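Before any comments, here is the structure.
Per chain, numbering begins at 1; letters A, B, ... match sequence-line order. Since the model is a prediction, treat every value here as computed from it, not as a measurement. All heavy atoms count here, side chains included; hydrogens, waters and symmetry mates do not.
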There are 2 protein chains.
Amino acid sequence: MALLTLIAGEPRSGYDIGQEFDGVLKFVWHSKPTQVYPELKRLAAEGLIREQGEGPRGRRPYEITEDGQSELRQWLTTTAPDHSLRNETVLRSFALWLVEPEEARAFLSSELEYHRIRLRGMRVLTQGLDLGNPNGRAALLGLEAGVRRLEAMISWAEWAIETVATWPTQEEQTSA
Amino acid sequence: MALLTLIAGEPRSGYDIGQEFDGVLKFVWHSKPTQVYPELKRLAAEGLIREQGEGPRGRRPYEITEDGQSELRQWLTTTAPDHSLRNETVLRSFALWLVEPEEARAFLSSELEYHRIRLRGMRVLTQGLDLGNPNGRAALLGLEAGVRRLEAMISWAEWAIETVATWPTQEEQTSA
DNA sequence: AGTATCATGTAAGACGTTACATGATTAC
DNA sequence: GTAATCATGTAACGTCTTACATGATACT
């Protein structure tokens with residue numbers, strides 16, 4: 001459905017999709033090229049997308065078919081989203097009591113920096129959106145969700161760094 | 001590492017871990033029981049956790065070993081977290097231009113409600129934390145991240161509902 | 001001429017889900 | 001006594017990653 005969503009927006013090749021997965025969609029959906037290419041062939045075989053001839057360097061862009069569009073609409077209107085998530089940054093924070101406060105601080109600082117950089121990139125992408133067409137307006141929804149989640153992670157990391165600063169060291173712990 | 005993190009906090013059985021995955025950790029890490037049980041056996045075979053005898057109803061709690069703790073510390077201090085995420089709610093928002101604004105609104109409203117309920121649950125869990133021990137203090141970091149991300153999703157959904165209300169209908173679109 | 005980037009793939013193995021199966025204890 | 005919940009598992013199948021492989025075009 002992620003591939004179908006991207007291709008519905010505008011025709012894309014497997015390579016294009018890989019770029020999106022490394023860029024905008026890194027916080028939304030991600031797959032590696034080795035999964036994308038066979039999956040595109042499968043979607044084409046099912047008639048949900050169709051090859052648009054061949055571009056330079058063996059490039060193979062796909063466009064969505066009518067069947068593909070109605071499949072997407074069905075997915076959106078008749079099925080419920082899966083809300084289970086995985087976030088390794090937060091998972092690790094549950095285990096931070098096992099390391100020295102200084103190591104915990106180092107981890108949180110590097111996460112803070114990473115998310116700040118990502119937020120800047122996300123804002124740039126938001127600027128580049130064409131809000132004149134429906135696809136661009138929907139993409140704005142997605143990017144805005146990304147921005148807000150990144151802001152949440154940044155303020156969390158800042159708060160967490162302050163909080164960890166008040167933790168006793170392992171030594172103080174055991175001696176207490 | 002998720003299993004190890006949970007067991008490091010306090011001894012747990014596969015069933016306990018399943019409860020956590022359905023509760024607190026739903027927004028952090030998730031696995032199904034059929035993956036958890038064999039994985040626990042594997043971790044025990046590797047000496048990272050150890051069985052604590054058998055409880056009522058065939059219950060098998062595991063506790064972490066010294067090796068398990070140092071494995072966790074290694075993971076935290078020597079490896080970088082994977083930042084790629086998957087969020088089906090946001091993915092779907094990228095495709096919302098394909099359905100009628102009313103259907104988009106319905107989707108966003110139901111997401112809003114879902115996240116509001118989750119936030120309430122998360123706040124209750126935060127109250128129940130024992131901040132007297134290091135494990136509880138680290139769990140507070142994780143839960144606070146959950147709270148902030150849920151708040152971000154809620155404010156996003158509210159904003160998105162207003163935004164979608166300004167979208168032209170498919171009909172207005174095609175006639176324009 | 002050489003390096004970087006564009007571009008697509010296959011095969012093996014690891015990870016994760018679905019369907020199925022079983023039994024103990026508790027609450028009504 | 002019957003339903004709900006607690007509790008653990010196996011087997012088959014589907015999804016995803018890692019390692020490997022190839023070639024075209026653009027830039028310097």
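Position along DNA chain D of the nearest nucleotide to B:T34 versus B:S84 favours B:T34 as the more 5'-ward residue. Both A:P56 and A:S31 sit near DNA chain D, but only A:S31 has its closest nucleotide nearer the 5' end.
Distance from the side chain of B:R59 is smallest for D:dA7 among the nucleotides D:dT17, D:dA7, D:dT10. Of the candidate nucleotides C:dC15, C:dT10, C:dT8, C:dC15 has the atom lying nearest to any side-chain atom of B:R42. For A:R57, counting side-chain heavy atoms from C-beta on, the closest listed nucleotide (D:dA24, C:dT8, D:dC6) is D:dA24. Among the nucleotides C:dT25, C:dG9, D:dC16, the one closest to any side-chain atom of B:R86 is D:dC16. Of the candidate nucleotides C:dG16, D:dT17, D:dC6, D:dC6 has the atom nearest to the side chain of B:Y15.
Put simply, the side chain of B:S31 never gets that close to the backbone of B:V36: no donor and acceptor are under 3.5 Å apart. The main-chain N or O of A:T65 is never found under 3.5 Å from a side-chain atom of A:R50 such that the two would form a donor-acceptor pair.
Atom NZ of B:K41 is separated from atom P of D:dA11 by 12 Å (rounded to the nearest Å). Residue B:F21 contributes atom CZ, which lies 18 Å from atom P of D:dC6 at whole-angstrom precision. One atom, CZ of B:R12, and another, P of D:dC6, lie 16 Å apart when rounded to the nearest Å. The interatomic distance linking B:D82 (CG) with D:dC16 (P) rounds to 14 Å, in whole Å. Atom C1' of nucleotide D:dT5 and atom CG of B:D16 are separated by 14 Å, given to the nearest angstrom. Between the OH atom of B:Y37 and the P atom of C:dG23 there is a distance of 16 Å, rounded to whole Å. Atom CD in A:Q35 sits roughly 12 Å away from atom C1' in C:dC15 (whole-Å rounding).
Two residues are said to be in side-chain contact when any heavy atoms from C-beta on lie closer than 4.5 Å; B:L85 and A:V28 fail this criterion.
Here the CZ atom belonging to A:R86 is positioned 8.5 Å from the NE2 atom belonging to B:H30, to the nearest 0.5 angstrom. The CG atom of B:L108 sits 9.5 Å away from the CH2 atom of B:W159 when rounded to the nearest 0.5 Å.
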Fill in: salt bridge (charged side-chain N to carboxylate O under 4.0 Å, His left out) evaluation trace for A:E151 with A:R148
CA-CA 5 Å; A:E151 286 171 346; A:R148 289 181 191 231; 6.0 Å; no

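Each end of the helix from C:dA1-D:dT28 to C:dC28-D:dG1 gets its own axis from five base pairs, and the two axes differ in direction by 30°, given to 10 degrees.
For the pair A:R92 and B:W75, the cation-pi criterion (under 6.0 Å, within 45° of the ring axis) is fulfilled.
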